[in-house]
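To keep things clear, I will list the structure first and then write my remarks on it.
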Amino acid sequence: MHTNSIIELNRKAYKKNIDFLKATFGKKVKISSVVKGNAYGHGVKEIVSMAYENGITHFSVFDVQEAKSVKEELSDKVTVMVMGLVQDEDLEWVINNDVEFFVFDKSRLTKAGKMAKKLNKKAILHIEVETGMNRTGFEKSEMNKVIAFLKKEKENVVFKGLCTHYAGAESITNYYRVDKQIKRFDEIYQYLYKNDLKPEMRHSACSAASIMFPETRMDMVRIGIMQYGLWPSPEVFVNYLNTKKSKIDPLHRVITWKSKIMSVKKVAIGDFIGYGTSFLAERKMKIAVVPIGYSHGYSRSLSNQGRVLINGHRCIVVGSVNMNMMTIDVTDVETVKKDDEVVLIGSQNDLSVSVASFSDFSNQLNYELLTRISKTIPHKIID
Ligand SMILES: *Cc1c(COP(=O)(O)O)cnc(C)c1O
């Protein structure tokens with residue numbers, strides 16, 4: 001744990017986001033809070049406890065390590081679902097702890113059945129089907145085998161969910177592909193139904209799909225980015241606004257990332273700043289050094305581009321972002337001194353640096369930027 005910077009999480013903002021999501025989806029749709037990637041850089045512990053306070057009892061993670069983090073915080077009060085990888089050596093823990101998991105190939109299915117039988121405890125399965133993303137999921141041609149297995153093993157496994165994932169619902173350019181996926185998912189569901197097999201629930205939507213294609217909400221939505229107060233893409237936001245009279249953003253950024261100036265210095269005209277020659281001072285400059293670099297998750301691609309807030313001014317990163325430090329142009333800020341606050345993501349006075357604006361510069365998505373933020377930075381929930 002280092003103290004060069006701090007991450008603050010706004011409890012009120014988080015509550016507003018969950019209230020908005022609940023109002024949008026209605027009571028019949030369960031919300032699963034997606035907390036993979038250290039809760040998109042926000043910190044699993046803090047996010048799941050705030051989610052629970054707001055009535056969320058279902059969590060989605062990528063792997064077993066993440067499932068354990070959620071259980072550590074909330075034990076058996078909630079349902080945890082692994083959407084990605086369950087290693088063979090983890091199957092026993094998973095089944096013993098009622099952790100639900102996606103199954104997308106025959107070998108996992110067989111192994112789950114065997115382990116459940118051995119433990120004399122049912123494995124809770126979500127059968128993921130391939131509908132057009134071409135990543136993970138059973139092909140339609142494999143469904144007969146899946147059906148036979150689920151019937152034969154019904155003493156050992158629970159057919160909890162039928163699910164799929166869409167290939168880019170955040171952009172209208174993928175409309176045709178996603179629309180085809182929705183239809184294919186329904187065909188597979190109907191096929192199972194005809195074969196006397198019915199999952200307890202169907203789920204397919206991530207944040208983008210839940211807004212762009214409301215029919216994908218089904219019994220449960222798997223919401224990551226929107227609970228943190230960010231839109232999956234500007235297109236989804238515009239699409240949402242078009243359906244509403246009020247043009248106010250219903251989502252509120254939860255995260256603030258702050259540091260402090262460690263040193264201030266003057267640079268003569270004609271000098272280069274930092275490593276190499278990427279920034280030449282074309283005037284007399286004043287530079288603030290901040291103890292944050294790419295090892296903390298501030299991307300090197302924000303060299304000469306990133307914006308931060310210092311004493312109510314929007315200031316630019318000059319030179320390259322180093323492993324543990326970066327330099328900021330504060331020439332036009334009248335008073336700057338050691339220990340002044342530096343906002344990397346968040347607000348100061350009337351200005352704010354959103355994750356999205358910072359990702360426009362670096363050409364990265366909100367998702368990638370957030371998940372890069374180092375786990376070693378201290379987190380604090382602000383009321
Ligand atoms: C990450 C993920 C989600 C959540 O995506 P958001 O866009 O953050 O809402 C949903 N489903 C699956 C399978 C995922 O991997």
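Just so you know, these numbers use all the heavy atoms, side chains as well, and skip hydrogens, waters and symmetry mates. We're numbering straight along the sequence, starting at 1.
S259 and N4 share no donor-acceptor pair across their side chains, judged by distance under 3.5 Å alone. Using modelled atom types and a 3.5 Å distance limit, the side chains of N144 and Y191 yield a donor-acceptor pair. Side chains of E153 and N156: a donor on one and an acceptor on the other come within 3.5 Å. S354 and S352 form no side-chain donor-acceptor contact under 3.5 Å, judged by distance and modelled atom types alone.
A donor-acceptor contact shorter than 3.5 Å links the side chain of N10 to the backbone of K12. A donor-acceptor contact shorter than 3.5 Å is absent between the side chain of E142 and the backbone of F138. N38 places no side-chain N or O within donor-acceptor distance of the main-chain N or O of K375, the cut-off being under 3.5 Å. With hydrogens and angles disregarded, a donor-acceptor distance shorter than 3.5 Å links the side chain of Q181 to the backbone of H165. R177 places a side-chain N or O within 3.5 Å of a backbone atom of G132 that can act as its donor or acceptor partner. Formation of a donor-acceptor pair under 3.5 Å by the N17 side chain with backbone atoms of H252 is found in this model. Between the side chain of T164 and the main chain of V129, a donor-acceptor pair closer than 3.5 Å is present. Using modelled atom types, no side-chain atom of S207 and backbone atom of I223 make a donor-acceptor pair closer than 3.5 Å.
Other residues, nucleotides and ligands contribute over 12 non-hydrogen atoms within 6.0 Å of the CZ atom of F272. Few gaps surround NZ on K151; more than 12 heavy atoms of other groups in view lie less than 6.0 Å from it. The number of heavy atoms from other shown groups lying within 6.0 Å of NZ (K194) does not exceed 12. Shown here is K117, whose NZ atom has no more than 12 heavy atoms of other residues, nucleotides or ligands within 6.0 Å. Atom NZ of K77 has more than 12 neighbouring heavy atoms from other residues, nucleotides or ligands inside a 6.0 Å radius. Counting heavy atoms of neighbouring residues, nucleotides and ligands inside a 6.0 Å radius, atom CG of N120 does not exceed 12 of them. Counting non-hydrogen atoms of other residues, nucleotides and ligands closer than 6.0 Å to CD of E341 gives a total above 12. Counting heavy-atom neighbours within 6.0 Å of Q190 CD, excluding the residue itself, gives a total above 12.
By the 30° and 60° cut-offs, the orientation of the rings of H126 relative to H58 is perpendicular. Taking the six-membered ring for Trp and thresholds of 30 and 60 degrees, Y367 and Y40 have ring planes inclined between 30 and 60 degrees apart. The aromatic rings of H203 and F102 sit tilted, their planes meeting at an angle between 30° and 60°.
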- Kindly determine whether Q305 and V317 satisfy side-chain contact (heavy atoms from CB on, under 4.5 Å), including the steps that lead there. CA-CA 6 Å; Q305 294 207 307; V317 174; over 6 Å; no
- Would you check, one step at a time, whether the test salt bridge (charged side-chain N to carboxylate O under 4.0 Å, His left out) holds for K183 with D186? CA-CA 5 Å; K183 294 195 171 94; D186 191 54; over 6 Å; no
- Query: Which is it for D90 and L85 under the side-chain contact (heavy atoms from CB on, under 4.5 Å) test, yes or no, and what are the steps along the way?
  - Reply: CA-CA 10 Å; D90 291 327; L85 185 63; over 6 Å; no
- Task: Dump the intermediate steps for side-chain contact (heavy atoms from CB on, under 4.5 Å) on K45 and H379, then the final yes or no.
- Result: CA-CA 10 Å; K45 236 171 97 95; H379 289 67; over 6 Å; no
- With salt bridge (charged side-chain N to carboxylate O under 4.0 Å, His left out) as the test, would you mind laying out the steps for R108 and D88 before giving the verdict? CA-CA 8 Å; R108 168 66 59 242; D88 289 349; 3.4 Å; yes
- Task: Start with the C-alpha gap between I7 and H42, add the side-chain angles, then the distance that decides, and say whether side-chain contact (heavy atoms from CB on, under 4.5 Å) holds.
- Result: CA-CA 8 Å; I7 289 184; H42 291 65; over 6 Å; no
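To the nearest 0.5 Å, atoms OG (S320) and CE (M326) are separated by 12.0 Å. Expressed to the nearest 0.5 Å, how far CG of D76 lies from CG of N97 amounts to 6.5 Å. Summarising the geometry, atom CG belonging to D63 is positioned 10.0 Å from atom CE belonging to M83; distances are rounded to the nearest 0.5 Å. Here CD1 of I127 is found 9.0 Å from CG of L192. Values are rounded to the nearest 0.5 Å. Distance check: Y166 OH to S210 OG gives 11.0 Å after rounding to the nearest 0.5 Å. How far OG1 of T335 is from CG of D340: 7.0 Å, rounded to the nearest 0.5 Å.
Taken together through direct or relayed side-chain contacts under 4.5 Å among Ile, Leu, Val, Met, Phe, Trp and Tyr, V308 and I273 form parts of separate hydrophobic clusters. Under the 4.5 Å side-chain heavy-atom criterion for Ile, Leu, Val, Met, Phe, Trp and Tyr, Y275 and M325 are members of distinct hydrophobic clusters. Hydrophobic clustering places V146 together with L197 (ILVMFWY residues linked when any side-chain heavy atoms are closer than 4.5 Å, directly or through intermediates). A chain of hydrophobic side-chain contacts below 4.5 Å, direct or via other Ile, Leu, Val, Met, Phe, Trp or Tyr residues, connects V236 to F25. In terms of hydrophobic clustering, with Ile, Leu, Val, Met, Phe, Trp and Tyr side chains grouped at heavy-atom distances under 4.5 Å, V64 and I124 are assigned to different clusters.
Contact check for T327 versus K265: no side-chain heavy atoms found under the 4.5 Å cut-off. At least one side-chain heavy atom of K30 sits less than 4.5 Å from a side-chain heavy atom of T57. Under the 4.5 Å side-chain criterion, counting only non-hydrogen atoms from C-beta, C206 is not in contact with R222. Within the 4.5 Å cutoff, no side-chain heavy atoms of M115 are placed close to those of V94. I211 has its side chain within reach of M226: a pair of non-hydrogen atoms, C-beta onward, lies under 4.5 Å apart. Two residues are said to be in side-chain contact when any heavy atoms from C-beta on lie closer than 4.5 Å; I47 and Y14 meet this criterion. The closest side-chain heavy-atom distance from M285 to D271 is not below 4.5 Å. The side-chain heavy atoms of D332 and H313, taken from C-beta on, include no pair separated by under 4.5 Å.
Closest approach of F279 and G319 over heavy atoms only: CB-N, 3.6 Å. In plain terms, the two heavy atoms of E73 and V48 that are nearest each other are CG-CG2, 3.6 Å. The nearest pair of heavy atoms linking T216 to A209 is OG1-O, 3.2 Å. The minimum heavy-atom distance linking Q348 with G312 is given by the pair OE1-N, 2.9 Å. The shortest non-hydrogen separation linking V264 to K286 is CG1-CG, 3.9 Å. The two atoms that bring A281 and V267 nearest to each other are CB-CG1, 4.0 Å, heavy atoms only.
Across K15, K22, K16, a single residue satisfies salt bridge (Lys or Arg N to Asp or Glu O under 4.0 Å) together with D19, and that is K15.
E72 and K68 are not joined by a salt bridge, as no carboxylate oxygen comes within less than 4.0 angstrom of a charged side-chain nitrogen.
Taking the ring centre of F185 as origin, the terminal cationic atom of R202 falls outside the region bounded by 6.0 Å and 45° from the ring axis.
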